[in-house]
There are 2 protein chains.
Amino acid sequence: MTENLAKPDAARDDFDLANFLPFLLNQAAEESSLAFQHVYKNRYGMLRTEWRVLFHLGMYGRMTAKQIGVRAMIHKTKVSRAVQRLAERRFLTRTRDEADRRLEHLELTPAGEAAYRDLRGVARDYDARLARHFTSGEVALLRSMLRQLAGIR
Amino acid sequence: MTENLAKPDAARDDFDLANFLPFLLNQAAEESSLAFQHVYKNRYGMLRTEWRVLFHLGMYGRMTAKQIGVRAMIHKTKVSRAVQRLAERRFLTRTRDEADRRLEHLELTPAGEAAYRDLRGVARDYDARLARHFTSGEVALLRSMLRQLAGIR
DNA sequence: TATTGTTAGTTACAAAAACAACTACTACGA
DNA sequence: TCGTAGTAGTTGTTTTTGTAACTAACAATA
């Protein structure tokens, strides 16, 4: 092997991508979501936005697409398409508001509730499994820092 | 406003999506990447995978697409397309290895180096700005936990 | 030197996301 | 009550991804 090849073991400067917070956050988010993603995808054929919409309806009950979008910081286009797909699969019902006909109230069907409860259980276990690698104080700090970084507060 | 609407301020059960680690990680990753994303996108027309490839070449010097993929945990298809686009824009050169003609050595052009140095500076400032919200101990712990969650180690 | 397996990288096609334009409806002011 | 502006939600079009199949080159071996 010639010697003018790069030595990929030593960075050429002091910048370390692996310590760059946006990069680290993305890697951690992707990796730590994989198995959960696998569950909602294979068990219910759901996409990322779909389980998020399902969870919002499951946690807070009936609300409009707009409300979901604002709370979950999801663009209305994505909410609209997620709602369509969830409605097709009979996970939720849409009811036109007669007082303000622009609004559509969304509500989980029994099937939707069942899926929500199932996935909620999976999520609880999943979260606990991730947290188990750290002390409870560390996890509390992590959540608080992430909330701050996300601007959720 | 009618009173039989959902009260979205109180969850109906004890599960809190906003504390679910994969969700929190995703939100934090998305939000905290937005402004940086804006820079590499608008200043150099780059996509996520492209700046990552650029950074790997910038940090470690000449290497093959395969090596980048393994190091950065990026699928070869994505690397291939990112390399194509970076080559079109003259940010890198591709040299066929004459000893093993399957291999292609990638190397930043002066323009690529300049873009890397510029973005590296942006990344440094950006990281410092994010870190400033916390103590240095907190940030160190955060990075270490994220690395663990990402399986980077 | 065929044969089979493996590796590096590309390409084709389907799925999904992003962005913008659009419809239907409500609110408000002249 | 007409015009204008704003809101809720949908649809169409273009980019980007994801998946899998593909080509070209090397390696090992019979």
Side-chain angles (χ1 to χ4, degrees), chain A residues 1 5 8 26 29-30 33-34 37-38 40-42 44-53 56-57 62-89 92-107, chain B residues 1-2 5-6 8 26 29-30 33-34 37-38 40-42 44-53 56-57 62-89 92-107:
Chain A
M1 189 177 280
L5 285 178
N26 269 300
E30 266 174 42
S33 303
L34 273 182
Q37 184 177 23
H38 195 267
Y40 65 69
K41 188 173 172 186
N42 291 294
Y44 297 104
M46 286 185 193
L47 264 27
R48 218 170 78 94
T49 311
E50 287 161 34
W51 79 259
R52 290 224 243 167
V53 166
H56 272 267
L57 288 170
R62 159 182 157 119
M63 65 174 81
T64 67
K66 169 68 186 238
Q67 289 175 308
I68 295 175
V70 170
R71 291 180 142 267
M73 298 196 288
I74 304 175
H75 192 276
K76 60 181 181 174
T77 296
K78 289 171 83 169
V79 175
S80 174
R81 290 200 160 104
V83 165
Q84 282 179 58
R85 294 198 45 175
L86 289 169
E88 279 166 19
R89 289 151 195 252
L92 58 79
T93 57
R94 337 167 78 166
T95 317
R96 187 61 62 183
D97 184 319
E98 287 305 327
D100 183 345
R101 296 187 43 71
R102 288 171 302 182
L103 305 180
E104 208 171 42
H105 297 285
L106 307 173
E107 196 161 20
Chain B
M1 192 175 279
T2 65
L5 285 179
N26 269 300
E30 267 176 41
S33 304
L34 273 182
Q37 185 177 23
H38 195 268
Y40 64 68
K41 190 173 170 188
N42 289 294
Y44 296 104
M46 286 186 194
L47 264 26
R48 218 170 78 93
T49 311
E50 289 161 33
W51 79 259
R52 290 223 243 167
V53 166
H56 272 267
L57 288 171
R62 160 182 158 119
M63 66 174 81
T64 69
K66 169 70 187 241
Q67 288 175 309
I68 295 176
V70 170
R71 292 178 144 267
M73 300 195 288
I74 304 175
H75 192 275
K76 59 179 180 174
T77 296
K78 290 172 83 171
V79 176
S80 173
R81 286 202 270 246
V83 165
Q84 282 180 59
R85 294 197 46 174
L86 288 170
E88 281 167 16
R89 290 151 196 254
L92 58 79
T93 57
R94 336 166 80 166
T95 316
R96 187 63 63 182
D97 185 320
E98 287 305 326
D100 182 345
R101 297 189 42 74
R102 289 171 303 182
L103 306 180
E104 208 172 44
H105 298 285
L106 308 173
E107 194 161 20

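Labels below follow one simple rule: chain letters A, B, ... track the order of the sequence lines, proteins then strands, and each chain is numbered from 1. In this text, all values refer to a predicted model and were calculated from it rather than measured experimentally. Heavy-atom basis, side chains included; hydrogens, waters and symmetry copies ignored.
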Nucleotide nearest [X] (side chain, heavy atoms from C-beta), chosen from [options]:
X        : options                : result
B/Arg85  : D/dT10, D/dT16, D/dA25 : D/dT16
B/Asp100 : D/dA8, D/dC26, D/dT19  : D/dC26
A/Lys66  : D/dG9, D/dA25, D/dG12  : D/dG9

Problem set entry | Rounded distance in Å - CG (A/Leu47) to C1' (D/dT17) |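 Going from A/Leu47 (CG) to D/dT17 (C1'), I get 12 Å.
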Exercise. D/dA8 C1' sits how many Å from A/Gln67 CD, rounded?
Worked result: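 The distance from CD of A/Gln67 to C1' of D/dA8 comes to 11 Å, rounded to the nearest Å.
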Using a 4.0 Å heavy-atom cut-off across all strands, classify [X] as base, sugar-phosphate, or nothing.
X       : result
A/Thr64 : sugar-phosphate
B/Ala82 : nothing
A/Arg48 : nothing
A/Arg96 : nothing
B/Lys76 : base

Problem set entry | Heavy-atom side-chain proximity of B/Val53 to B/Lys78 below 4.5 angstrom |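 Side-chain contact under 4.5 Å: no.
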Problem set entry | First of B/His75 and A/Ser80 reached from the 5' end of DNA chain D, by closest nucleotide |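 That would be A/Ser80.
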For this session: Could you say whether A/Glu104 or A/Lys41 is positioned toward the 5' end of DNA chain D, judged by the nucleotide with the nearest heavy atom to each?
Result: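 The 5'-side residue here is A/Glu104.
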Can any side-chain N or O of [X] pair as donor or acceptor with the backbone N or O of [Y] at less than 3.5 Å?
X       : Y        : answer
A/Arg89 : A/Gly45  : yes
B/Arg85 : B/Ser80  : no
A/Arg62 : A/Glu107 : no

Problem set entry | First-last contacting nucleotides on DNA chain C - partner chain A, under 4.0 angstrom, heavy atom |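 Using the under 4.0 Å cut-off, the span is C/dA16 to C/dT26.
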For this session: State whether A/Arg81 places a side-chain N or O below 4.0 Å from either non-bridging phosphate oxygen (OP1 or OP2) of D/dT11.
Result: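 Negative; the distance criterion is not met.
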